[in-house]
*Asks:* 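One structure is given below, represented as structure tokens, and several questions about it will come after.
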There are 2 protein chains.
Amino acid sequence: MSRLPGSDARLAVSTVIFALEPGVTPDGVEHEASGPRSLWIPLVRRLREPGKDRWALPGGWLGAGEALEAAAARTLEETTGVTPAYLEQLYTFGAPDRSPAERVVSVVYWALVRPEETTGAIDDPNVRWFDPDDLPALAFDHNMIVEYALARLRTKLGYSQIAHAFLDQTFTLAELREVYETVLRRPLDPANFRRTVEASGALVETGEVRTGTPHRPPKLYRPAEPADAGANGLFRVPIAPHLRKQS
Amino acid sequence: MSRLPGSDARLAVSTVIFALEPGVTPDGVEHEASGPRSLWIPLVRRLREPGKDRWALPGGWLGAGEALEAAAARTLEETTGVTPAYLEQLYTFGAPDRSPAERVVSVVYWALVRPEETTGAIDDPNVRWFDPDDLPALAFDHNMIVEYALARLRTKLGYSQIAHAFLDQTFTLAELREVYETVLRRPLDPANFRRTVEASGALVETGEVRTGTPHRPPKLYRPAEPADAGANGLFRVPIAPHLRKQS
DNA sequence: GCAAAAGTGTTGGAGCTACACCCATGC
DNA sequence: GCATGGGTGTAGCTCCAACACTTTTGC
């Protein structure tokens with residue numbers, strides 16, 4: 001049987017996984033507080049050529065009969081031990097020379113994970129968490145991919161509810177605001193932030209407050225909808241009409 | 001040699017091609033003027049199973065050593081005879097059951113073509129132009145793909161300069177406005193449109209005017225930049241801050 | 001009471017919509 | 001001149017940034 005056209009490239013799936021740094025690194029080292037937290041992405045060390053010993057995005061080959069999104073969820077769980085709260089296709093990279101020797105087309109996804117997910121992360125010297133704004137030289141074209149994913153995350157934060165995927169089921173407005181401030185790397189006015197978020201209708205009060213704080217107890221909120229509604233991420237509904245990347 | 005993982009799916013490339021209906025169909029039939037023009041996309045009739053005799057997006061298999069974007073440009077030229085003025089990746093569709101019998105992953109692009117490009121289009125009964133808002137049942141999942149491309153076109157029109165790709169190198173503001181009105185399917189205020197576009201800095205006056213009109217001769221403009229600058233479409237710069245899909 | 005974060009009120013400006021109005025050409 | 005699209009002016013509205021201010025808790 002002759003080789004079919006369209007079959008000479010191998011199909012891989014990779015994922016850029018974003019989490020919020022818990023304030024303590026996985027090594028248990030305290031982190032000094034310039035900003036209280038920062039964005040954090042896990043990378044895996046390549047154990048084989050090509051790109052041996054370099055850090056790379058978690059990923060793997062597409063399985064037979066496996067949906068693309070399922071492959072992304074599977075490979076990121078296998079390699080890093082985290083489960084995504086949000087998963088969306090980013091872009092497909094297929095330059096002929098992006099991997100030496102063989103042709104690889106990578107369908108890249110990006111994911112957000114909650115803090116408790118990262119505690120179940122694999123404790124492995126070949127998995128390490130990095131600041132996506134300060135990366136070493138990665139394998140293949142992965143630096144460019146992370147840069148693109150970061151731009152998409154920052155843009156999408158402004159017109160969707162994806163910030164919820166960084167948080168627990170209930171949270172305070174200050175916690176939600178901290179997500180925005182961390183990702184956008186700029187402070188936001190608490191008063192205006194409150195009004196904008198409340199007007200968007202994306203949150204509902206739980207009726208509870210968080211006690212034990214040294215100050216006035218803040219109300220707890222939860223997302224207005226299950227947050228994962230909307231099939232495969234193609235047609236998601238924009239909500240909040242501001243909070244752009246630029247001031 | 002055993003079959004490698006990641007190779008059991010065939011990689012195809014398809015393109016959703018948008019043009020402005022010239023006011024006359026390719027058959028030479030005059031078109032009545034409710035709206036003066038409308039969006040227009042070319043589809044090809046499938047001559048083989050699966051989906052035989054249904055209309056489908058132009059496309060083909062990815063060639064060995066061929067870049068994804070190059071494959072999109074090649075296959076749309078081969079099947080429909082048009083050359084794109086703008087080409088950007090849309091999404092990769094890979095549901096296991098989207099094509100019967102064999103696994104096909106399709107990297108889908110979308111393109112804009114100028115009116116003169118469509119005059120060089122192939123005159124073939126197996127290529128026909130359709131209104132994307134009024135399509136028959138297409139092969140595979142192509143109805144959904146067109147719907148998604150249409151949403152992306154309408155959204156992107158509001159924050160980029162892609163409208164220029166529908167027009168010649170120089171054009172009047174009325175012609176540019178007609179592009180927006182056609183794509184967004186709503187009338188725009190000429191006065192406000194002018195100010196918005198001028199403020200965006202996306203256009204420069206050529207100093208010429210268009211003569212031969214029955215009224216005051218309008219100024220001619222050209223895009224401020226070569227319009228195709230920006231590599232592979234990943235990092236394009238948003239410009240015009242309004243003209244949304246919704247009023 | 002005091003400090004600090006939660007939460008509310010208010011003002012001013014930017015930008016957009018709607019629409020009135022003037023300009024320049026062909027006939 | 002007059003019809004018509006090209007092009008300018010402007011009032012009013014909405015929305016948001018900035019910031020002053022009040023509320024509620026722990027200590």
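In what follows, every chain begins at residue 1, and chains take the letters A, B, ... in the order their sequences are listed. Values below: all heavy atoms of this structure, side chains included; hydrogens, waters and symmetry mates excluded.
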*Asks:* Flag the pair A:Asp189 and A:Arg194 as a salt bridge only when some basic side-chain nitrogen lies within less than 4.0 angstrom of an acidic carboxylate oxygen.
*Replies:* no

*Asks:* Looking for any heavy atom pair under 4.0 Å, which part of the strands does A:Ala174 touch: base, sugar-phosphate only, or nothing?
*Replies:* sugar-phosphate

*Asks:* Verify the distance criterion only: is there a donor paired with an acceptor across the side chains of B:Glu88 and B:Tyr86 at less than 3.5 Å?
*Replies:* yes

*Asks:* Distances under 3.5 Å only, N/O to N/O: pair up the protein atoms with those of nucleotides 12-14 of chain D.
*Replies:*
none

*Asks:* Short of 4.0 Å, heavy atom to strand atom, which residues of residues 203-215 of chain B count as contacting DNA chain D?
*Replies:* B:His215

*Asks:* Any donor-acceptor pair under 3.5 Å between the side chain of B:Arg195 and the base of D:dG9?
*Replies:* yes

*Asks:* Would you list the protein and nucleotides 21-23 of chain C atom pairs, both N or O, that sit under 3.5 Å from each other?
*Replies:*
unit_1, atom_1, unit_2, atom_2, d
C:dC23, O2, B:Arg216, NH1, 3.0

*Asks:* State whether A:Arg210 and A:Asp168 are salt-bridged, where the test is any N-O pair (Lys NZ or Arg NE/NH1/NH2 against Asp/Glu carboxylate O) under 4.0 Å.
*Replies:* no

*Asks:* Would you give the length of the straight line joining atom CZ of B:Phe166 to atom CG of B:Leu157, rounded to the nearest 0.5 angstrom?
*Replies:* 7.5 Å

*Asks:* Of all residues at least two apart in sequence or in a different chain, which pass the side-chain hydrogen bond (donor to acceptor under 3.5 Å, both in side chains) check with A:Thr92?
*Replies:* B:Thr92

*Asks:* Please produce a list of atom pairs where a protein N or O lies less than 3.5 Å from an N or O of nucleotides 11-14 of chain C.
*Replies:*
none

*Asks:* Going by the rule side-chain hydrogen bond (donor to acceptor under 3.5 Å, both in side chains), which residues pair with B:Asp141 if we only count those two or more places apart in sequence or in a different chain?
*Replies:* B:Arg98

*Asks:* Please tell me if the side chains of A:Leu57 and A:Leu138 come closer than 4.5 Å, counting only heavy atoms from C-beta onward.
*Replies:* no

